[in-house]
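Reviewing the structure listed below.
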2 protein chains.
Amino acid sequence: MAQKKMHCDCLATIKPVRDTLDVINGKWKLPIIISIGVGNDRFTDIQESIPGITPKVLAKELKDLEQHKLILRTVIDEYPVKISYQLEPYADTLTPIIYALKDWGLNHRKVVTAE
Amino acid sequence: MAQKKMHCDCLATIKPVRDTLDVINGKWKLPIIISIGVGNDRFTDIQESIPGITPKVLAKELKDLEQHKLILRTVIDEYPVKISYQLEPYADTLTPIIYALKDWGLNHRKVVTAE
DNA sequence: GATAGTACTTTCCTAAAGGAAAGTAGAATT
DNA sequence: AATTCTACTTTCCTTTAGGAAAGTACTATC
């Protein structure tokens with residue numbers, strides 16, 4: 001028998017984790033979802049609520065998130081024309097992830113500053 | 001008074017989330033932690049357990065994770081010299097994040113294939 | 001002296017992410 | 001005709017991530 005030392009299989013966890021990372025990867029997608037979730041529905045408000053984001057990056061990420069059915073873009077036909085961004089209900093399923101990341105980040109800051 | 005329309009403040013959430021993302025960003029760090037956590041402690045085993053990873057990328061990410069005190073690198077002085085990678089206890093604090101990402105990924109696959 | 005085994009490193013390359021600064025579009029107001 | 005407002009777009013550039021293929025270092029065994 002070709003008995004080899006085998007690595008332990010962990011694909012059952014790695015694969016879904018990577019599926020998720022493919023959707024919410026990068027520096028900006030979760031911050032944008034958080035910002036919209038908290039009530040910022042206009043391009044400029046979202047931009048101002050996220051330090052360091054440029055309009056180019058914001059526009060690109062908003063398109064990505066729209067394609068992933070996480071946010072909804074609505075044109076409001078007033079003067080001047082406004083655009084409203086809202087979370088799709090599906091975006092709420094990201095809440096546990098956001099809280100897990102927030103909690104870890106808060107604790108990590110304590111750990112790092114305690115050093 | 002210079003009353004402006006104000007964006008809603010969400011920095012209390014965005015900042016810790018970004019702190020976390022700074023540590024576990026990229027395609028490979030969480031898969032590596034999962035692999036080591038499940039029992040793969042050797043370079044080659046970790047490499048084989050994560051589809052698509054190259055030795056160069058694995059070596060770099062292992063160094064990053066070691067610097068962040070998430071894994072421990074131990075030299076075993078046998079012949080041939082072996083290296084053992086283990087999770088630091090601190091890496092266990094990432095478990096809630098990993099499960100949240102795994103659960104979301106599993107559900108997302110259902111959602112996407114149902115379309 | 002050659003070979004094997006483990007854990008990488010090196011080189012070279014492409015693609016994607018990110019950023020600064022300025023510009024544009026379309027309609028209403030002055 | 002010029003200005004204002006919102007929501008972007010455009011250009012140009014730098015940085016980072018990722019990947020393929022081959023090579024290296026060390027030591028023990030044959």
> Among dA7(C), dG19(D), dC8(D), which is the nearest nucleotide to the side chain of Lys82(B)?
Replying inline: dA7(C)

Show me the protein contacts with nucleotides 9-12 of chain D, counting only N or O atoms at under 3.5 Å.
from, atom 1, to, atom 2, distance (Å)
dT9(D), OP1, Lys63(A), NZ, 3.3
dT9(D), OP2, Lys63(A), NZ, 3.3

>> For the CH2 atom of Trp28(A) and the CG atom of Leu62(A), what is their distance to the nearest 0.5 Å?
In response: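 Rounded to the nearest 0.5 Å, the CH2-CG separation comes out at 12.5 Å.
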
>> Would you compute the distance between atom CD1 of Ile50(B) and atom CD1 of Ile32(B) and round it to the nearest 0.5 angstrom?
In response: 5.0 Å

Return no unless some side-chain N or O of [X] is found under 4.0 Å from OP1 or OP2 of [N].
X        : N       : answer
Arg42(A) : dC8(D)  : no
Tyr85(B) : dT6(C)  : no
Thr54(A) : dG19(C) : no
Trp28(B) : dT16(D) : no

In whole angstrom, what separates [X]'s [atom1] from [N]'s [atom2]?
X        : N       : atom1 : atom2 : result
Leu58(B) : dA21(D) : CG    : C1'   : 17 Å
Arg18(A) : dA17(D) : CZ    : P     : 16 Å
Ile53(B) : dG18(D) : CD1   : P     : 9 Å
Ile32(A) : dC8(D)  : CD1   : C1'   : 14 Å
Leu62(B) : dA7(C)  : CG    : P     : 11 Å
Ile24(A) : dA17(C) : CD1   : P     : 14 Å
Asn25(A) : dA16(C) : CG    : C1'   : 10 Å
Asp45(A) : dC5(D)  : CG    : P     : 15 Å

> Which part of the nucleic acid, if any, lies within reach of Gln47(A) when heavy atoms closer than 4.0 Å are counted: base, sugar-phosphate only, or nothing?
Replying inline: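 Counting heavy atoms under 4.0 Å across all strands, no contact is made by Gln47(A).
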
Could you tell me whether [X] and [Y] have a side-chain N and a carboxylate O separated by less than 4.0 Å?
X        : Y        : answer
Arg18(B) : Asp22(B) : no
Lys69(A) : Glu88(A) : no
Lys15(B) : Asp19(B) : no

>> With a 3.5 Å distance limit and no angle check, can you tell me whether Thr113(A) reaches the backbone of Arg109(A) through a side-chain donor-acceptor pair?
In response: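 Present.
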
> Which heavy atom in Cys10(B) sits nearest to a heavy atom in Asn40(A), and how many Å separate them?
Replying inline: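 Minimum heavy-atom contact is SG-ND2, 4.1 Å.
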
